[in-house]
S.K.: 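Got a structure for you, written out below as structure tokens; questions coming shortly.
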Amino acid sequence: MLTSPRLLQLLKIVVPFVVAVWLLGSIIPYRAAYDGLTRHFQDEKELFISDFLSHEIDGAFNGQSIAELCASKQWTPGLFLSCDPPAGGFGQVKNAHLNCVRFAIEMGAELIVPRIVKRLDVAKPTPWNGGGPIKGVSLEYFFDFLFLNRSLSQSCPQMKFHRSLDDLWDVPSLQQPHPISLATTHTDLVKGAIVNDTTLLADQIKTYIGKISPSEKRTLPIRFHLPVTNWAFPTSAENAHFTHQFGRILTIRKDILRLSAAVLYALSKRHRIGINPRGGLPAQHLKNTFVAIHLRTEQDAKYTLPPFDVQADDLVDYLATSKVKIAYLATGTTLEEVSLFTKMASEVNVTVVRKEDLLEGEELKALEALTWDQRAMVDYGVMLRAGRMAGPGGSSFAWEVALKRGRATGDDGVLVRNGTGEDVDLTWSDGRSTLFRVQGMGEILRETVWS
Ligand SMILES: *[C@@H]1O[C@H](CO)[C@@H](O)[C@H](O)[C@H]1NC(C)=O
Ligand SMILES: *[C@@H]1O[C@H](CO)[C@@H](O)[C@H](O)[C@H]1NC(C)=O
Ligand SMILES: *[C@@H]1O[C@H](CO)[C@@H](O)[C@H](O)[C@H]1NC(C)=O
Ligand SMILES: *[C@@H]1O[C@H](CO)[C@@H](O)[C@H](O)[C@H]1NC(C)=O
């Protein structure tokens, strides 16, 4: 039998040994959970933001169908396309840029990446340039150039592209361009704007170019120049996969998207809304998180969209029936209209919040340092993740958001007609996104926004 001092001595050896074995045994399986553990201890907000930035609502970009289209075209060395820089908001600029790239694919040309004309403010849409052509600023004013370069060079390696005409200063024959347009190459424009048959376009462009510069006589590089071309390619006539992915080559600048993430984080915390930054859109039955509302009544929209009273009535009626308590108001309109709308919404028991109310400190300063058009893109990032969204059907921005959401979930949406004759009202909805008064311009936008 062991005496107690000997037992004690034995325990002194055995206990640390057992503890060491237990520790070793427990550390190894815990290793797997280590990542999860550090995730938990990282700053919650930073984690939300980084999850948001690395997960788009429609999953990872897939350039397969762009690659197929590019591979099917005839590419001509020494043939260049440049495009006029569009002046406008995010929706308009994005569509013009995508049409420029799309046209270059049909043409089989090298592309000079289009620029953007910066609007000073809504009241003065285009800066006065003294009469010459406006050069504009780099596309990085809105978009992520690195991503464009990566996605386009991987999916369409046949297309060479150049950041600027300045990079081609040593090719004198490129300095004076020849005009080219959809109207001069494709005569069947539906509603005066939309290409009727994209399968004819490549040959039509070739014929047109051949008349100006027969390829057998051409010895020097040649450049064609396309005016701003909006709402032109019929997205439903393209392969559905292509339509879904093509617009994704133009993604929003990361620093701007980061502010969208910060807005969403503040929204989820302050109003206790469950938002999963790694997920897509919530399922139909879980869509009552918050409504994103686009009120487009700024001065530059005065002649093309319904006035405040009409838009606000449509939106507040929608809020009244939506069973959602929080409305995120995406707008660049006056504070008077914002408070009027906020009051109207409160009458149906809906609380209105804006990015300006949700951001603070450095992030609010960063928002205020952005131009009016860039701030709208912060809204765009938030609206994509809303359970529901609603806006005016004549706004390309609203279509950009609605169609991207619909394509992410595979919902096409339907048009609902109210009234007859001149008084008809068309509302488009896919269950999660609703656009009012689509008739006219809205029908063209529905057919031509890539998203
Ligand atoms: C695109 O990226 C590649 C690789 O980083 C680079 O070599 C190329 O110059 C870039 N293209 C443009 C137009 O900047
Ligand atoms: C559009 O294309 C179709 C099929 O190619 C053709 O039948 C029709 O006439 C065209 N429409 C217009 C307006 O040119
Ligand atoms: C708003 O809430 C109040 C108080 O709960 C209620 O009396 C009123 O009926 C609600 N109004 C609407 C339009 O839902
Ligand atoms: C149709 O329009 C009428 C008149 O504007 C309106 O009262 C009614 O609520 C609308 N119906 C639907 C289903 O939107």
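Whatever order the structure lists them in is the order used to number ligands and atoms, beginning at 1.
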S.K.: Taking only heavy atoms of Glu347 into account, list the atoms of ligand 3 that are under 4.0 Å away from them.
M.R.: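 Per the distance check, 13 (C).
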S.K.: Ion pair present between Asp58 and Arg407, side-chain N to carboxylate O less than 4.0 angstrom?
M.R.: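 No, Asp58 and Arg407 are not salt-bridged.
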S.K.: In terms of side-chain geometry, is the basic nitrogen of Arg253 or Asp255 positioned less than 4.0 Å from the acidic oxygen of its partner?
M.R.: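 Yes.
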S.K.: Can you find a protein heavy atom under 4.0 Å from atom 7 (O) of ligand 1?
M.R.: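 Flag for atom 7 (O) of ligand 1 set to false, no protein heavy atom closer than 4.0 Å.
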S.K.: Any idea which atoms of ligand 1 are less than 4.0 Å away from a heavy-atom of Phe145?
M.R.: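 Atoms satisfying the 4.0 Å criterion: 12 (C), 13 (C), 14 (O).
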S.K.: Below 4.0 angstrom, N of the basic side chain to O of the carboxylate: do Glu368 and Lys365 qualify?
M.R.: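 The answer is no: the pair does not qualify as a salt bridge.
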S.K.: Can you confirm whether some protein heavy atom lies under 4.0 Å from atom 11 (N) of ligand 1, or whether none does?
M.R.: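 For atom 11 (N) of ligand 1 the answer is yes, since some protein heavy atom falls inside 4.0 Å.
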S.K.: Can Arg163 be said to sit on top of Phe145's aromatic six-ring, NZ or CZ under 6.0 Å from centre and within 45° of the ring axis?
M.R.: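 Here Arg163 passes the 6.0 Å and 45° test against Phe145.
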S.K.: Please report whether the ring centroid of His97 lies less than 6.0 Å from that of Phe142.
M.R.: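 No - the distance between ring centres of Phe142 and His97 does not fall below the 6.0 Å cut-off.
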S.K.: May I ask you to identify the nearest protein heavy atom to atom 13 (C) of ligand 1, giving residue, atom name and distance to one decimal place in Å?
M.R.: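 Protein heavy atom with the smallest distance to atom 13 (C) of ligand 1: Phe161 O, 3.4 Å.
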S.K.: Around atom 3 (C) of ligand 3, find the nearest protein heavy atom and jot down its residue, atom name and distance.
M.R.: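 That would be Asn349 ND2, 3.6 Å.
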S.K.: Ring centroids only, cut at 6.0 angstrom: are His271 and Phe290 within range, meaning strictly under it?
M.R.: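 Distance test on ring centres: not under 6.0 Å, no.
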S.K.: Quick one: nearest non-hydrogen protein atom to atom 9 (O) of ligand 1, plus distance?
M.R.: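 Scanning the protein heavy atoms, the shortest distance from atom 9 (O) of ligand 1 goes to Asn149 ND2, 4.8 Å.
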